[in-house]
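Throughout, residue positions are numbered sequentially from 1 according to the sequence presented.
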Amino acid sequence: MEETSTMPDAAVPGPAPAVPPTPPVPLAALLAREDLGLRQIAGPQDSATVIHWAHTSEMADPYPYLLGGELLLTAGVHVPEAAGSGTYFDDYVSRIVEAGGAALGFGVAPVHDTVPRALVVACDDYGLPLVEVPPRTTFSGVARAVWQLMAQARHTELRRVTEAQQSLAAAAARPDPVPSVLRQLAQRVGGRATLYAPDGGEVASAGRMPGAGGAGGGGEVSGALAGLVAVVRPTTRDGSGGVSASGGGGGPTPSSASDTAAGVHLAAYALGTGQGFVLGVAAPRRDPGDHTIASVGAVLLSLLTGEHQSSTGAARSSALVRLLLGAAPEEVAPLLGGGERWVVVHARPDSPAPDAVTASALGAALGSALVDVDGDVVRVLVPAGHRESTVQPGWTCGVSAPVGAHEWASADTQAGRALSRARATRARLVRHGEHQGLADLVPPTEAAAHARTLLSPITANPALTETLRTWLSLHGSWDRTAVALSVHRNTVRQRITRCATLLSTDLDDPDVRMELWFALRHA
């Protein structure tokens, strides 16, 4: 989600410095390092002062070389002898401030024994923190300390975001998912989280409103948050499906926006349901990682509101209830929004076991919300003719043949076998029965009867049947069959030997293998 600021132009004195996307380091944390011995001697001593990097320059005008947010380090080599009696230091400090410099560090060796008094006065006048660097501390040591503190801050931020993601996902799995997600989000940002309906009313909220609003909401902060929510809420003006930002402007609706009111940080996130739901967040400050955490909450709420508020979600719930009450699949299939034919997709991710969010993303890519996470496999029921034959990056997929609703169970089996073959052959996607052959010329009823007779000695043991099927499909490869079935290769050998004994046949004979393969296809 891209974040856009709605702060009025009058409140912004100039373009914001191009600071890097890394956690800033509080200047106070750098001053607290006893090994550096730094001392602030001028400028505001504000705990909110942060630096994004350290830069050394001996240029009389450092402006062209600054990006903003720096601790600029200098030994005063550029300072002329008569600098204290003119405007040199005023000009020098003003250029640093204009460039967005965060603080100035002055080394008292080897050029100067003390920090020039005129520089101290100029930094006080322009509100630029001035730090004295003692002779024993090198500028490279200061820069290294900045990067160490930045690495610690980044580690802390990543851990905080990871823990928040896990807690939000757990909250989404509770019986009351929407209030639970809002409570967890409010706790993580230390403020208030509110879900707004398309008409602007509050659906649910959690946490304490910081600032003037107090615990009961209202006030300047609540009004400002509601106004920000109106900016990102999508509305259709002409009924044609075009979306614009309500509250003015023509142009595309931003997915998120931020602002401040009464010293409180506000953020709003349009949920991806297309129905106008918006998440509003108010926090006493903006800590690193807050935007990521709130974005995760918005994604989860998008899934929850899309499922429970849409008519298709209600239809799916109705279909589930009818199935549980004994209705036939073909009777409930029309409620699921598909046609007469369906396919089942089994998929395994390249990464660790899938969660609900990644599974839902796969379902969206395939064009279906009918998704089930079964261990390390995601199963998706897709109306035939959708995108089930498209290779999905990061996934290995097996696809069943198109079937009617009464054949969903057999399609599920087909998709599972196709996935096993895809994994064994290292293919990204395998579809069941892609190619027609001679076996398709035999009437299905006669083929099935022949298969039952031929395979009867091993049909009582599903493990033997499935092992024989997989082994034949992989041309008698012990290793690839073991991988496909997730068993040891010796287990494969034992099972195949047992099949040969029970069937009283020679599995090394290609004619025998062909006959058994045809039988297994119709079993």
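Atom CG of Leu366 is separated from atom SG of Cys397 by 6.5 Å, given to the nearest 0.5 angstrom. How far CG of Leu31 is from OG1 of Thr49: 9.5 Å, rounded to the nearest 0.5 Å. Rounding to the nearest 0.5 Å places OG of Ser205 at 3.5 Å from CZ of Arg192. Taken to the nearest 0.5 Å, the CG atom of Leu73 stands 10.0 Å off from the OG atom of Ser57. Annotation: the span from Leu182 atom CG to Glu202 atom CD amounts to 10.0 Å, rounded to 0.5 Å. Remark: Arg348 CZ to Asp376 CG distance equals 4.0 Å, nearest 0.5 Å.
A 4.5 Å side-chain heavy-atom check between Val399 and Val430 finds every atom pair outside the cut-off. Here the side chains of Leu30 and Val146 are in contact, with some heavy-atom distance below 4.5 Å. Residues Val142 and Leu71 form a side-chain contact, since some pair of their non-hydrogen atoms from C-beta on lies under 4.5 Å apart.
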Which pairs of donor and acceptor atoms, one on a side chain in residues 108-130, lie under 3.5 Å apart (sequence neighbours left out)?
residue	atom	partner	partner atom	Å
His112	NE2	Gly76	O	3.1
Asp124	OD1	Gly43	N	2.8

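When only modelled atom types and interatomic distance are considered, Arg159 and Thr156 share no side-chain donor-acceptor pair under 3.5 Å. In this model, no donor atom of one side chain and acceptor atom of the other lie less than 3.5 Å apart for Arg183 and Gln187. Inspection of the Arg160 and Gln165 side chains reveals no N or O donor paired with an N or O acceptor under 3.5 Å.
Of the possible donor and acceptor atoms, one in the side chain of Gln40 sits under 3.5 Å from a partner among the backbone N and O of Ala42.
Among residue pairs with one or both ends in residues 58-73, those qualifying as side-chain hydrogen bond (donor to acceptor under 3.5 Å, both in side chains) are Trp53-Glu70, Glu58-Thr74, Asp61-Arg95; sequence neighbours excluded.
Using a cutoff of 4.0 Å between basic side-chain nitrogens and carboxylate oxygens, Asp350 and Arg428 are scored as salt-bridged.
Other residues, nucleotides and ligands place no more than 12 heavy atoms under 6.0 Å from the CZ atom of Arg426.
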Criterion ring-ring contact (aromatic ring centres under 6.0 Å, His included) on His55 and Phe139, from CA distance to verdict: CA-CA 9 Å; His55 176 67; Phe139 287 172; over 10 Å; no
